[in-house]
Participant: 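Before I ask anything, here is the structure I am working with.
The chains referred to below are lettered A, B, ... by the order of the sequence lines, with proteins before strands, and numbering in each begins at 1.
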Amino acid sequence: MIPSLISGLPLFPERASTMASRVDALYFFLIGVSAFFAVLIATLIVVFAIRYRRREGYVQEPAPEGALALEVTWTAIPLGLVMVMFVWGASIFVAMQRPPDDALQAFVVGRRWMWKVQHVDGRREIDQIHVPVGRSVKLTMTSEDVIHSFFVPAFRVKQDAVPGRYTTLWFQATKPGTYHLFCAEYCGTQHSRMIGQVIALEPADYAAWLAGSSGAQSMAQAGGATFEQLGCASCHRDDSQARGPALAGLAGRPVQLQGGTVVVADDAYLRESILNPQAKIVAGYQPIMPTFQGLVSEEGLLQLIAYIKSLQAKVN
Amino acid sequence: MPETSTTAGAGTVARPGSPGARAHAVAHQFEDAEQQYEAANLGMWVFLVTEVLFFGGMFTVYVVYRSMFPAAFAAGSHELDFVLGTVNTAVLITSSLTMALAVHAARAGGRGAQVAWLAATMALGAVFLGIKLTEYAHKFAEHLVPGPSFRFAGPDAPQAELFFSLYFVLTGFHAVHMVIGLGLLGVLTTLAWRGRFGPSYFTPVEVSGLYWHFVDLIWIFLYPLLYLIDRHH
Amino acid sequence: MHTSHPTISTTTYFVIFVLLLCLTGLTAGVAQIDLGRLNTPAALAIAATKAMLVVTYFMHLRYGSALTRIAAATAIVFLAILIGVTMEDVVNRRTGVYLKGITPTQSIGAWMDVGQEPAAPLPR
Amino acid sequence: MEAARPAVHYLNADYGVRSWLFTRDHKRIGLLYLASITAMFALGGMAALLVRLDLLTPAGDLVSDDTYNKLFTMHGIIMVFFFLVPSIPAVLGNFLVPLMIGARDLAFPTLNLLSWYIFNLGALVTLWAVLTGGVDTGWTFYVPFSTAASNTNVVAAALGIFISGFSSILTGLNFIVTIHRMRAPGMSWLKMPLFIWSIYATSFIFILGTPVIAITLALVGIERLFHIGIFDPALGGDPILFQHLFWFYSHPAVYIMILPSMGVVSEIIPCFSRNRIFGYSFIAVSSLAIAMLGFLVWGHHMFVSGQSVNAGLIFSFLSFAVAIPSAIKVFNWTATLYRGSIWLQAPMLYALGFIGLFTIGGLTGLFLASIGIDVHVTDTYFVVAHFHYIMVGGAVMGYLGGIHYWWPKISGKTYPEGWAKIAALIVFIGFNLTFFPQFVLGYLGMPRRYHVYPPEFQVLNVMSTAGASILGIGYLLPILYLVWSMRYGQAASENPWHATGLEWQTPSPPPTENFSETPIVVDGPYMYRELDAEEVKRVA
């Protein structure tokens, strides 16, 4: 019975993203180093314990207090090794933080206890997300209540979804299949049931999935409707009557603020400018915009941002 | 039993000094009054280190939020009573002076002076708390207490609520420290009245003084951080 | 008995007291003047000076043992670590753009920018 | 040198409940703490047992979701704040610090007793919170879950921890002042036993870290109680700021647990190797280095929290740096065995077991410091396994080793050596069986705090639960035979291990005043040789 159990026992998770093999390579390196030192220490202890076990007529030698050369050696070697680990781990992490520019976009809102996903074309999913193999996907995430964490073990990626701000995560699936999606940040009663699936499809299958049962408003369209409904266009317009900055082509570009600082109009900036307009005033404009805190839902915000980004597409 | 015959590298010897070196006020664990004094003094300083970090947690929250919402903090600060805050600073500084003089008197041994300066310190502490309560009452009346009844005009209302949360938490914990200090001073005054302190024994007055000055120190920083943001507007 | 702890004369206490009152007046006055981004640093510098006076004279740090000075320094160092490292995160995470050669728009000193004059008064 | 059991000692100097409840004797207070934390350990252990039993099946059939969440929260809060943090400092530290430095008591005996009452008050408030509905936030109290979402007794639990924090502060304060001001003549800093160094470094963390967790939990309680926003994201508050404040204490808290254990091991290894400790000053200084550096690495708990990338990289770098002093200690302990005369009594078995488990815990810490791997394994069972290797494999092994080593001094009786060796072996085996499979589970991706889990994780979970039952027996045995030995054990001599150190120069159990005369110190610690009269005179 035991052997059959062991043979069916997985030791490593499936490797289904470009990041997975990079993380695993470092993992195996660390296992190698750890095993070497663990075995070394264990062997020394056992050998010493047997070799020097209570001897008759033992007299303590006037042993040195220590040996500087030895101390320096066993300080320097681990130090060198951990610095290799640091640089290696940091390079992986930096890559995890840099989504490729051509990544597909999708938006994720965590809520106790479900994952709400919306694709750029407006398609919504709950507790599952379809992605194409071989194409980078960038998720922009937030939460409606408490902190959640989007975790796909097969991709070796994880990122908290934090209420009140955006975080991002990207991956590129390498193998078609259905993979676990876990909430990894404790969020209450059904935390362990806040799970789902990441379904990676071959490009052709993904295209077929996209083609099926569409017809929903795209995110940008929905955002445009909200934009009209809230009367944003009365100030953010292209003519001389504009009391707010023009939005076309804004997303992703640097913005000059009062006081001379320059920020990049990323998602976080756009979100802040809607919810807390006084925080960053664009040079040449008055701080007259009211807050829209409480008037727009988290999904509505994501749609508004998608709309602002689509304005950029028109200009280009 | 191990085969090696061992004894530690230590021996014992009677400590030099006459039996009279251990005065009546020295607790049994100390060798002499000097050691006892130094232990108490160091103990209070170490305690004050923990107090710095205790308030430090709140200061960290303050620094982070002020960096995020400078305008809201300025708007919130404008709602505080500049005059009362300044007067209270002066009151607390004066109480630090009287406390220092009380320690001085305890060292000199004059009973009347000790009691007088301690009582003056308590009176000033009470004045400070009285003024603070008045300010709190105004804030209640103006709906500036964070929570469901909070009302604040202007675009920064949510972040101004954060400012007032910090205002009440910081000044509230400071006031709690003041109350504890008043309690300590009350005990000291009684003991001083009974003539317990003099040149050979004044440690309690001295370490309580350290505590009182520390509470003053915290206020010295709270005053500009809470009351003086963007005053010139 | 406590020969290692010389007493400070009452005159010194009064001098320090007067200095502290003057500094309080100074900080209250300076706050009324627009110094641009220097208002907050000025207020904190004055507060730090007052704190030094209280610690040095009222709390006898100047005459105490080296150990008490080390204790005071330890408190300041670790408070600085708590605030400084937390701010390192707060300041750098807000721009949303990292490690691409783009200078963070906020610096550690940015929270002192309150004194800067906005283009128009805040709407009420 | 072998003195008979003294007629009057600290245990029989006075009788009756009052003589214990109002004692100011550091040795008796140490025993009071021993009683309190043993009770808390039993409660925390029962919660752990229920958690492990529930995880036998993927569907979590034993208890409901909410009950499961309350159980692991109770386990975490009790074990961290009411067992591990006070364990060695408050029990062995209280008992040994004055004895080891040749003092009659701690500097502030009344504060010491007060700290025990405060500890119990905090524990009772927390237990009240647990018994009247429970708490389900996890011991980490993350906002906004703890402030806005949880509808359990968060305020009471936070209040209990807040209160018990003052007992930590008073204990640390007492140790720092005592070690600075009350060492026996001749005991310079570099002649202090390594246990004293580690307790000194631990006290440092008590003093600097505890007030920050106190105010942080107070802010959570205030936010909840008065419905004001402090960390509330709806007002612009920052939940990640809470995490910074929380881990500023809670990461160094791990060193509160492991440093004293390292100190115990540094006493046991030279004694049972009959060797001077190798690299005394490196071990001593590395304790301080760990305490200091420990305050600079808290952000490695937050690599996926959304903190800035810069901060993540800095914290990763510093986390690797803090591994070095720990590695230095392990190498020096191992070198101390070389050419010694090794006596494998129970305390030595615990100490060697400590080195093994701590080495694994420390090495897996490198995986977590490595920011690219941490993204995958954080908040999974990999982290659970790692910190149990440090906090249970490390801290508790050291604690048990210390209890056995000094038991003759504490109780005046010898414990049954055979049973003790068996228990040490059971603990070692049970521990590894419980927690090693969790490393694999974590890398496979099983998140922590999961009540139900995918069926492919079941085999490893069953192994872990089986190990936990063995571990439970291993922990039960010492409680039984140590209590038995208090009544039926053989009387212990003054120095049964023929150890060095001032605590072995006074009778077992020691008199209330510890030493009949103030001892003086000539040599550094761990010198196994006779002193001649000339040397005694020279220092005197």
Participant: Around D:Phe436, counting heavy atoms of other residues, nucleotides and ligands shown, do more than 12 lie under 6.0 Å from its CZ?
Facilitator: no

Participant: If I measure from the heavy atoms of chain A, does D:Ile355 come under 4.5 Å with its side chain, its backbone, both, or neither?
Facilitator: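 When you check distances to chain A, only side chain atoms of D:Ile355 fall under 4.5 Å.
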
Participant: A:Asp145 versus chain D, heavy atoms under 4.5 Å apart: side chain, backbone, both or neither?
Facilitator: backbone

Participant: With only heavy atoms counted, which part of D:Pro454 is less than 4.5 Å from chain A, the side chain, the backbone, both or neither?
Facilitator: side chain

Participant: Considering only heavy atoms, which portion of A:Thr189 lies under 4.5 Å from any heavy atom of chain D: side chain, backbone, both, or neither?
Facilitator: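 Both parts, heavy atoms under 4.5 Å.
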
Participant: When heavy-atom pairs shorter than 4.5 Å are enumerated against chain A, which of D:Thr359, D:Thr378, D:Thr380, D:Leu352 gives the highest number?
Facilitator: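 Among D:Thr359, D:Thr378, D:Thr380, D:Leu352, the one with the most close pairs to chain A is D:Thr378.
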
Participant: Quick check for you: among A:Val47, A:Leu11, A:Thr168, A:Val87, which has the greatest number of heavy-atom pairs under 4.5 Å with chain D?
Facilitator: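 Ranked by heavy-atom pairs under 4.5 Å with chain D, first place is A:Leu11.
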
Participant: What's the separation between atom CD in A:Glu71 and atom CZ in D:Phe331, rounded to the nearest 0.5 Å?
Facilitator: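 CZ of D:Phe331 is found 10.5 Å from CD of A:Glu71.
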
Participant: If you look at every heavy atom in D:Gly340 and A:Tyr52, which pair is closest and at what distance?
Facilitator: O-CB, 3.3 Å

Participant: So which of D:Val304, D:Asp374, D:Thr140, D:Thr152 has the biggest tally of heavy-atom pairs under 4.5 Å with chain A?
Facilitator: D:Val304

Participant: Heavy-atom distances under 4.5 Å only: say whether A:Ile195 touches chain D with side chain, backbone, both or neither.
Facilitator: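 Side chain only.
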
Participant: Give a yes or no on this: more than 12 heavy atoms of other residues, nucleotides or ligands lie within 6.0 Å of atom CZ of A:Phe29.
Facilitator: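 Above 12, so yes.
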
Participant: Report yes if the side chains of A:Arg54 and D:Phe272 come closer than 4.5 Å at any heavy-atom pair, otherwise no.
Facilitator: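 With C-beta onward as the side chain, the pair stays apart.
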
Participant: So how far is it from A:Met83 CE to D:Ile324 CD1, rounded to the nearest 0.5 Å?
Facilitator: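 Reported value, rounded in 0.5 Å steps: 7.0 Å.
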
Participant: Hey, which of A:Trp88, A:Phe93, A:Phe12 has the most heavy atom pairs under 4.5 Å with chain D?
Facilitator: A:Phe93

Participant: Can you find a heavy atom in the side chain of D:Ile342 that is under 4.5 Å from one in the side chain of A:Phe48?
Facilitator: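 Yes. Closest side-chain heavy atoms under 4.5 Å.
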
Participant: Quick one: CG on D:Asp65 to CZ on A:Arg193, what's the gap to the nearest 0.5 Å?
Facilitator: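 Here the rounded value is 4.0 Å.
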
Participant: For A:Ile31, is it the side chain, the backbone, both or neither that has a heavy atom under 4.5 Å from a heavy atom of chain D?
Facilitator: both

Participant: Under 4.5 Å heavy-atom distance to chain D, tell me which part of A:Ala184 shows up: side chain, backbone, both or neither.
Facilitator: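 For A:Ala184, backbone and side chain are both near chain D.
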
Participant: Run the salt bridge (charged side-chain N to carboxylate O under 4.0 Å, His left out) test on A:Arg165 and D:Asp238 for me, step by step, so that the C-alpha distance in whole Å, both residues' side-chain angles and the decisive distance to 0.1 Å come before the verdict.
Facilitator: CA-CA 9 Å; A:Arg165 41 181 304 214; D:Asp238 185 2; 5.0 Å; no

Participant: Contact between D:Tyr450 and A:Cys183 at the side-chain level, heavy atoms closer than 4.5 Å - yes or no?
Facilitator: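 Counting from C-beta outward, D:Tyr450 and A:Cys183 do come under 4.5 Å.
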
Participant: Out of D:Ser370, D:Gly138, D:Pro144, return the one with the most heavy atom pairs under 4.5 angstrom to chain A.
Facilitator: D:Pro144

Participant: Which bit of D:Ala148 comes within less than 4.5 Å of chain A, counting heavy atoms only: side chain, backbone, both or neither?
Facilitator: neither

Participant: Report yes if the side chains of D:Arg448 and A:Glu185 come closer than 4.5 Å at any heavy-atom pair, otherwise no.
Facilitator: no

Participant: Just give me the residue among A:His180, A:Met19, A:Arg22, A:Gln190 that pairs up with chain D most often, heavy atom to heavy atom, under 4.5 Å.
Facilitator: A:His180

Participant: Which of the residues D:Thr364, D:Ile360, D:Leu366, D:Asn332 is involved in the greatest number of heavy-atom pairs with chain A at under 4.5 angstrom?
Facilitator: D:Asn332

Participant: Nearest heavy-atom pair of D:Phe278 and A:Ala67: which atoms, and what distance?
Facilitator: CZ-N, 3.7 Å

Participant: Please state whether the side chain, the backbone, both or neither of D:Gln243 comes within less than 4.5 Å of a heavy atom of chain A.
Facilitator: side chain

Participant: Return yes when atom CZ of D:Phe246 has more than 12 non-hydrogen atoms of other residues, nucleotides or ligands closer than 6.0 Å, and no otherwise.
Facilitator: yes

Participant: Against chain A, label D:Thr336 side chain, backbone, both or neither, depending on which of its atoms sit under 4.5 Å from a heavy atom there.
Facilitator: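 For D:Thr336, neither part sits under 4.5 Å from chain A.
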
Participant: Roughly how far apart are D:Phe303 CZ and A:Met96 CE, rounded to 0.5 Å?
Facilitator: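 The CZ atom of D:Phe303 sits 12.0 Å away from the CE atom of A:Met96.
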
Participant: Looking at D:Trp139, D:Tyr68, D:Phe145, D:Phe141, which hits ring-ring contact (aromatic ring centres under 6.0 Å, His included) with A:Tyr186?
Facilitator: D:Phe145

Participant: Which pair of heavy atoms, one from D:Leu444 and one from A:Pro13, lies closest together, and at what distance?
Facilitator: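 Shortest heavy-atom separation between D:Leu444 and A:Pro13 comes out as CD2-N, 3.5 Å.
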
Participant: Return the option, out of D:Ala234, D:Pro239, D:Ser146, D:Ser305, with the maximum number of heavy-atom pairs under 4.5 Å with chain A.
Facilitator: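 Of the candidates given, the most pairs with chain A belong to D:Ser305.
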
Participant: Is chain D contacted by the side chain of A:Val23, its backbone, both, or neither, given a heavy-atom distance below 4.5 Å?
Facilitator: both

Participant: Just so I know, are the side chains of A:Leu68 and D:Phe282 near enough to count as touching, which here means a heavy-atom distance under 4.5 Å?
Facilitator: yes

Participant: With a 6.0 Å cut-off on the ring centroids, do A:Phe155 and D:His376 count as close?
Facilitator: no

Participant: If you count heavy-atom pairs under 4.5 Å with chain A, which of D:Val377, D:Ile328, D:Ile371, D:Asp379 comes out on top?
Facilitator: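 Result: the option with the highest number of such pairs is D:Ile371.
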
Participant: What part of A:Arg112 lies closer than 4.5 angstrom to a heavy atom of chain D: side chain, backbone, both or neither?
Facilitator: side chain

Participant: What distance separates A:Leu40 CG from D:Thr334 OG1, expressed to the nearest 0.5 Å?
Facilitator: 8.0 Å

Participant: Checking heavy atoms, do the side chain of D:Phe72, its backbone, both or neither come under 4.5 Å from chain A?
Facilitator: side chain

Participant: Looking at every non-hydrogen atom in both residues, tell me the closest pair between A:Pro163 and D:Pro233 and how far apart they are.
Facilitator: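 Where A:Pro163 meets D:Pro233 most closely, the heavy atoms are O-CB, 3.6 Å.
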
Participant: Got a second to check how far A:Asp160's CG is from D:Ile240's CD1, nearest 0.5 Å?
Facilitator: 7.5 Å

Participant: Which label fits D:Phe457 and A:Phe182: parallel for a plane angle under 30°, tilted from 30 to 60°, or perpendicular past 60°?
Facilitator: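 Taking A:Phe182 first and then D:Phe457, their aromatic rings sit tilted (interplane angle of 30° to 60°).
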
Participant: Any idea which heavy atoms bring D:Ser316 and A:Phe86 closest together, and the distance?
Facilitator: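 Closest heavy-atom pair between D:Ser316 and A:Phe86: OG-CD1, 3.3 Å.
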
Participant: Give a yes or no on whether the ring-centroid distance for A:Tyr27 and D:Phe367 is below 6.0 angstrom.
Facilitator: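 Ring centres of D:Phe367 and A:Tyr27 closer than 6.0 Å.
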
Participant: Please tell me if the side chains of A:Leu44 and D:Leu337 come closer than 4.5 Å, counting only heavy atoms from C-beta onward.
Facilitator: no

Participant: Using a cut-off of under 4.5 Å on heavy-atom pairs, state which of A:Val152, A:Leu70, A:Leu169, A:Ile147 scores highest against chain D.
Facilitator: A:Ile147

Participant: Taking the side chain as everything from C-beta on, heavy atoms only, tell me whether D:Val330 gets closer than 4.5 Å to A:Phe37.
Facilitator: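 Heavy-atom side-chain distance check fails, nothing below 4.5 Å.
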
Participant: How close do A:Ser34 and D:Leu363 get, heavy atom to heavy atom, and via which atoms?
Facilitator: O-CD1, 3.3 Å

